[in-house]
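To start, the structure itself, in structure tokens.
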Protein chains: 2
Amino acid sequence: MDATVKRKLRSPKSARPPPLQPLEPAHESDGAHLELRIWLRLLSCATRIEKSLNARLRKEFNTTLARFDLLAQLARKPEGASMSEVSNLLMVSNGAITALVQKLEADGLIHREVDSEDRRTFRLRLSQDGAKEFGRMARRHEEWVIALIGELSPVAQSDLLQHLTLLKRRLDKHA
Amino acid sequence: MDATVKRKLRSPKSARPPPLQPLEPAHESDGAHLELRIWLRLLSCATRIEKSLNARLRKEFNTTLARFDLLAQLARKPEGASMSEVSNLLMVSNGAITALVQKLEADGLIHREVDSEDRRTFRLRLSQDGAKEFGRMARRHEEWVIALIGELSPVAQSDLLQHLTLLKRRLDKHA
DNA sequence: CAATAACGTTTCATACCTAAAATATCATGT
DNA sequence: ACATGATATTTTAGGTATGAAACGTTATTG
């Protein structure tokens, strides 16, 4: 936003192609279509949060969100996962996983062993160190997220979650 | 989704550090804190939309969201903007703008002229070609966004916008 | 059982991001 | 004038994303 994002603001919109300045200036809150305004807000919220989390992960743990996310996926899969599984879970391309995994393995946070059944695939698992380190990071990460979003009232939170869940379902169908 | 998502799914969480497996597996919808679940949904929605828009921009216009966003900011500033202004608007670092601007200038979509008042700064403006090209992209971009988000009912949309706006305000205060 | 299709992973070229250091210009106070 | 500091941009080094091509490993099937 990528997310991050970190990362961006999105665009306004034009209704027709008029004279000199072919596009209406369109401030974030004016006549633009509702959908566009939702998208802009959604993206800027996600970007801000992502940047904030990324910066703190770097400061406190000298790591990144990408690495944290990969560890998080392995943490909930004691049986391990293949590169492709992980790349699907993280919604990034297979190629992106390779370098990430190489470094995490070099840092001793994960193990990578050839699958006994299918020699094309690797099984990735958290190492003991990896599990410990992830535990520390996860606790702080949760505190940060709660601090960022927790300012919304519980009612606003559950409304927001509902709407985002609905949106996600529609997006899934689309794809 | 940055986020590009691009980009990503975020993490679960543990409540305390128990025996063997120090972390609860935590599926996306179970006992995790509301804030965490909101963040995960928010990020995955933003990532999906961002990837979708990026892919279509590449296919139809052979460009990217980053370039489109930069053009969009210039489109609403006929008086032009400095590199720093643009980097603030897009919420990316100054360094990221340099290469982007160089390519857009090489492609003839924007002009870059030294400011007459302050020779440290450049004024960036859309060229005629740039304005035309941006107009075409913007129209398609809007259609795509409407298609992606428009499946929500108008009521759900305006609720969602309200909540995101509230969240954004809180995030602004935080920073 | 060999050709071929499908799958899992890596490699490559390209793009974008950041933070920090380097450079260049302006603005001030003495 | 001049050192000092603030501002604007570029450069550098490092991390991560993509899509496409290449490869090795299975699976299928005529």
Side-chain angles (χ1 to χ4, degrees), chain A residues 1-9 47 50-59 62-70 80-88 90-107 112-124, chain B residues 1-9 46-48 50-59 62-70 80-88 90-107 112-124:
Chain A
M1 43 180 170
D2 323 350
T4 25
V5 83
K6 42 236 75 34
R7 170 172 300 100
K8 302 117 191 174
L9 270 177
T47 301
E50 188 172 10
K51 280 188 199 288
S52 167
L53 294 177
N54 224 326
R56 301 196 222 200
L57 274 175
R58 174 174 309 277
K59 270 206 178 68
N62 191 35
T63 190
T64 68
L65 212 34
R67 294 158 67 104
F68 175 75
D69 289 344
L70 201 159
S82 69
M83 309 279 278
S84 297
E85 278 178 88
V86 169
S87 96
N88 286 333
L90 297 185
M91 300 200 291
V92 301
S93 70
N94 248 334
I97 299 296
T98 300
L100 211 42
V101 162
Q102 283 170 353
K103 273 198 207 115
L104 287 171
E105 193 189 18
D107 291 350
R112 177 174 62 163
E113 21 184 271
V114 244
D115 189 301
S116 45
E117 308 271 302
D118 185 340
R119 266 172 302 183
R120 290 171 302 180
T121 86
F122 289 114
R123 292 217 77 68
L124 310 175
Chain B
M1 287 204 267
D2 285 310
T4 348
V5 180
K6 76 274 275 168
R7 181 174 287 93
K8 297 121 190 170
L9 271 178
T47 301
R48 275 160 212 260
E50 190 173 8
K51 280 189 200 289
S52 167
L53 294 177
N54 226 325
R56 301 195 222 200
L57 274 174
R58 174 173 310 278
K59 270 206 181 67
N62 191 34
T63 190
T64 68
L65 211 34
R67 293 158 68 105
F68 175 75
D69 289 345
L70 202 158
S82 70
M83 310 279 277
S84 297
E85 278 179 87
V86 169
S87 96
N88 286 334
L90 297 185
M91 300 200 292
V92 302
S93 71
N94 246 333
I97 299 296
T98 300
L100 210 44
V101 162
Q102 283 169 352
K103 271 195 213 120
L104 288 171
E105 193 189 17
D107 291 350
R112 178 174 61 163
E113 20 183 272
V114 247
D115 189 301
S116 45
E117 307 271 304
D118 185 339
R119 266 171 303 182
R120 291 172 302 179
T121 86
F122 289 112
R123 291 216 80 66
L124 310 175

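The structure presented is a predicted model; accordingly, all values stated were derived computationally and were not measured. Just so we're on the same page: letters track the sequence lines, and every chain starts at 1.
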Provide, to the nearest angstrom, the distance between the [atom1] atom belonging to [X] and the [atom2] atom belonging to [N].
{"X": "B:Asn54", "N": "C:dC16", "atom1": "CG", "atom2": "P", "answer": "9 Å"}
{"X": "B:Leu57", "N": "C:dT14", "atom1": "CG", "atom2": "C1'", "answer": "17 Å"}
{"X": "A:Ile97", "N": "C:dT11", "atom1": "CD1", "atom2": "P", "answer": "15 Å"}
{"X": "B:Gln102", "N": "C:dC16", "atom1": "CD", "atom2": "C1'", "answer": "14 Å"}
{"X": "B:Leu104", "N": "C:dA15", "atom1": "CG", "atom2": "P", "answer": "12 Å"}
{"X": "A:Leu124", "N": "C:dG8", "atom1": "CG", "atom2": "P", "answer": "13 Å"}
{"X": "A:Asp69", "N": "D:dG15", "atom1": "CG", "atom2": "P", "answer": "17 Å"}
{"X": "A:Lys59", "N": "C:dA20", "atom1": "NZ", "atom2": "C1'", "answer": "13 Å"}

Under-4.0 Å side-chain N/O to phosphate OP1/OP2 contact, [X] with [N]:
{"X": "B:Thr98", "N": "D:dT10", "answer": "yes"}
{"X": "B:Lys103", "N": "C:dC16", "answer": "yes"}
{"X": "B:Lys51", "N": "D:dA17", "answer": "no"}

Map A:Ala55 and A:Arg123 onto DNA chain C by nearest heavy atom, then report which one ends up closer to the 5' terminus.
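Comparing both residues, the 5'-ward one is A:Arg123.
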
Selected nucleotide, minimal atom distance to [X] side chain, candidates [options]:
{"X": "A:Ser82", "options": "D:dT11, D:dT9, C:dT9", "value": "C:dT9"}
{"X": "B:Thr64", "options": "C:dC16, D:dT16, D:dT18", "value": "C:dC16"}
{"X": "A:Phe122", "options": "D:dA17, C:dT9, C:dC17", "value": "C:dT9"}
{"X": "A:Ser93", "options": "D:dT18, C:dC17, C:dT10", "value": "D:dT18"}

Contact class for B:Ser84 (heavy atom, under 4.0 Å): base, sugar-phosphate, or nothing?
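Answer is sugar-phosphate: B:Ser84 comes under 4.0 Å of backbone atoms only.
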
How would you label the contact of B:Thr121 with the nucleic acid (heavy atoms, under 4.0 Å): base, sugar-phosphate, or nothing?
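Sugar-phosphate: the residue B:Thr121, judged by heavy atoms under 4.0 Å, touches backbone atoms but no base.
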
Do A:Phe122 and A:Val114 come close enough that some side-chain heavy atom pair is under 4.5 Å?
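Counting from C-beta outward, A:Phe122 and A:Val114 do come under 4.5 Å.
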
Side chains of B:Met83 and B:Arg123: does their closest heavy-atom pair fall under 4.5 Å?
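Sidechains of B:Arg123 and B:Met83: no contact.
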
Give each protein N/O atom lying under 3.5 Å from an N/O atom of nucleotides 22-26 of chain C, with the pair distance.
residue, atom, partner, partner atom, Å
C:dT25, O2, B:Arg120, NH1, 3.4
C:dC26, OP1, B:Arg119, N, 2.8
C:dC26, OP1, B:Arg119, NE, 3.4
C:dC26, OP2, B:Arg119, NH2, 3.0

Quick one: do B:Arg67 and B:Asp107 make a salt bridge, cutoff under 4.0 Å?
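Answer for the salt bridge query: yes.
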
At their closest point, which heavy atom of [X] faces which heavy atom of [Y], and how far apart are they?
{"X": "A:Asn54", "Y": "A:Leu65", "answer": "OD1-N, 3.3 Å"}
{"X": "B:Val86", "Y": "B:Ala81", "answer": "CG2-CB, 3.9 Å"}
{"X": "B:Asn94", "Y": "B:Ser84", "answer": "ND2-OG, 3.5 Å"}

Does a donor on one side chain sit under 3.5 Å from an acceptor on the other, for B:Arg56 and B:Ser52?
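Distance-only check passes for B:Arg56 and B:Ser52.
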
Report the distance from atom CG of B:Asn62 to atom CG of B:Leu57, rounding to the nearest 0.5 Å.
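Interatomic distance, B:Asn62 CG to B:Leu57 CG, rounded to 0.5 Å: 10.5 Å.
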
Want to settle it: does A:Leu100 or B:Arg58 sit nearer the 5' end of DNA chain D, counting the closest nucleotide to each?
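In this pair, the answer is A:Leu100.
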
